[in-house]
**Student:** 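Sharing a structure, written as structure tokens. Questions coming.
For reference, positions follow the sequence shown, starting with 1. In listed order, ligands and their atoms are each counted from 1.
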Amino acid sequence: MLPDIRTPLPGPKSRALAARLRSVEARNVTFLPEDDSFPIFWESGDGCLITDVDGNRLLDMTSAFGVSALGHGTTAVTAAISEQSNRLLHGMGDVHPSLAKLELCEQLCQLSGLADAKVLLGTSGGDAVEAAIKTAILRTGKHRIVAFTGGYHGLNLGALNATARADFRMPFQRHLADFVTHLPYGEPVHTLPPDTAAVLVEVIQGRGGVQEISTEWLMNLRSLCDMTGALLIVDEVFTGFWRTGEVFAHRHHGVTPDIIACGKILGGGMPISACIGSGDAMSGWPVSTGESIHTSTFLGHPGGCAAASATLKALDAMDARTTVTRLGMYLRNHLDVLAIKHASKIIDIRGKGLMLGIQMDAPGAAVALSDALLQLGIITLPAGNGDVLELTPPFVVQEAQLDFVVTAIDQTLTA
Ligand SMILES: Cc1ncc(COP(=O)(O)O)c(C=O)c1O
């Protein structure tokens with residue numbers, strides 16, 4: 001099925017709801033321009049399609065921030081949530097655990113491929129990154145974290161230290177500790193700063209503009225970590241669980257990390273994340289004596305764990321690796337043709353699997369393209385400097401839907 005737009009976007013109901021939201025939500029959260037030209041309120045989802053409150057049907061090419069790989073609406077995941085919630089929705093994750101938590105940890109250890117893997121669950125990607133940073137500090141006894149320009153690791157005060165973007169950091173600059181060194185992403189790294197506990201890296205930068213690095217570059221980081229005793233943390237929050245074709249993006253490069261931070265796709269739409277480390281990396285955590293030093297109320301939430309287990313099983317059943325690789329190639333080939341046709345406007349097509357970016361010729365150009373696509377019923381997100389259009393559709397996207405998107409981009413750039 002394709003988009004079906006019945007009202008001007010946003011429609012009258014979306015506009016009315018936006019006015020109500022403006023009066024109750026903290027003003028920094030949702031972009032609510034005075035002219036009511038944004039946003040649309042979502043009502044329901046089915047596969048890659050979202051129906052808004054005005055009855056318009058739109059195509060979601062974002063998986064809602066890269067999460068809904070299995071698509072929206074009723075899936076094996078919603079069935080698992082329903083089943084688990086009828087038995088036990090909430091539990092006491094770090095005191096009296098649930099079977100759902102145990103089973104998820106077992107699945108994650110196995111998928112990670114790390115030696116003697118151990119898991120520390122969280123509820124957001126930022127949580128997973130913070131757990132990874134703490135793990136490295138504890139294991140190495142060192143304090144410095146090396147991260148990279150363009151990197152995005154979350155906005156909690158801990159993770160924000162590693163996130164590079166100035167606009168996120170600036171208002172809180174005085175509250176950010178000086179323990180992160182940002183090096184230029186993808187450029188040669190000859191040495192690590194003294195006292196480096198970990199190198200934290202996205203294998204493909206998502207919000208940074210779908211930026212890729214070479215195998216040699218990642219291998220060099222691995223060697224530098226090995227030489228200095230630092231740990232290699234890969235932030236796979238966006239790239240994890242077959243988004244790029246491999247279960248984790250670092251597998252494309254044959255490099256083994258010490259720690260994997262992951263989230264997004266994992267919960268199938270439920271907020272759950274994980275820091276998975278090798279047994280050695282995780283051995284810095286002291287044995288619990290009854291009071292965990294890193295936990296939270298919702299750690300190991302039974303509903304979230306059941307959703308995550310069902311998500312992993314469903315991705316396995318659909319052969320996500322083959323599906324994403326095939327669909328990614330299909331979209332990539334069409335985008336490459338567009339890039340030739342619109343060579344003055346499209347600078348580059350980047351990414352892997354179903355995580356592709358169209359780099360436009362100017363900052364803000366992808367924002368304008370994204371706005372134009374929305375009017376045609378296609379939901380996308382700009383990334384980077386507003387110069388990259390990010391395409392991360394659900395893995396259930398149909399070729400006809402991808403064709404529709406490519407044609408819409410073509411027409412928009414031709415106009
Ligand atoms: C690579 C990466 N790390 C961490 C995060 C933070 O995840 P969350 O927003 O769930 O805290 C994101 C979110 O987009 C991300 O892309």
**Student:** Could you label the plane-to-plane angle of the Phe38 and Phe31 rings as parallel, tilted or perpendicular, counting under 30° as parallel and over 60° as perpendicular?
**Tutor:**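 Tilted: the ring planes of Phe38 and Phe31 meet at 30° to 60°.
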
**Student:** Restricting to non-hydrogen atoms, name the atom on Asp258 and the atom on Leu231 that form the minimum distance, rounded to 0.1 Å.
**Tutor:** OD2-CA, 3.3 Å

**Student:** Can you give me a line-by-line list of nitrogen or oxygen pairs between ligand 1 and the protein shorter than 3.5 Å?
**Tutor:**
unit_1, atom_1, unit_2, atom_2, d
ligand 1, 3 (N), Tyr152, O, 3.3
ligand 1, 3 (N), Asp235, OD1, 3.2
ligand 1, 3 (N), Asp235, OD2, 2.7
ligand 1, 10 (O), Gly125, N, 2.8
ligand 1, 11 (O), Gly125, N, 3.3
ligand 1, 11 (O), Gly126, N, 2.8
ligand 1, 14 (O), Lys264, NZ, 3.0

**Student:** Please state whether the rings of Phe148 and Tyr185 are parallel, tilted or perpendicular, taking 30° and 60° as the class boundaries.
**Tutor:**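 Perpendicular, since the angle between the ring planes exceeds 60°.
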
**Student:** Spell out, as yes or no, whether a donor-acceptor pair under 3.5 Å connects the side chain of Gln401 to the backbone of Gln398.
**Tutor:** yes

**Student:** Parallel, tilted or perpendicular: which describes the rings of Phe248 and His250, with under 30° parallel and over 60° perpendicular?
**Tutor:**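 Taking His250 first and then Phe248, their aromatic rings lie parallel (interplane angle under 30°).
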
**Student:** Tabulate below the donor-acceptor pairs under 3.5 Å that side-chain atoms of residues 259-273 make, not counting sequence neighbours, or state none.
**Tutor:**
unit_1, atom_1, unit_2, atom_2, d
Lys264, NZ, Phe65, O, 2.9
Ser273, OG, Thr123, N, 3.4
Ser273, OG, Ser124, N, 3.3
Ser273, OG, Ser124, O, 2.6

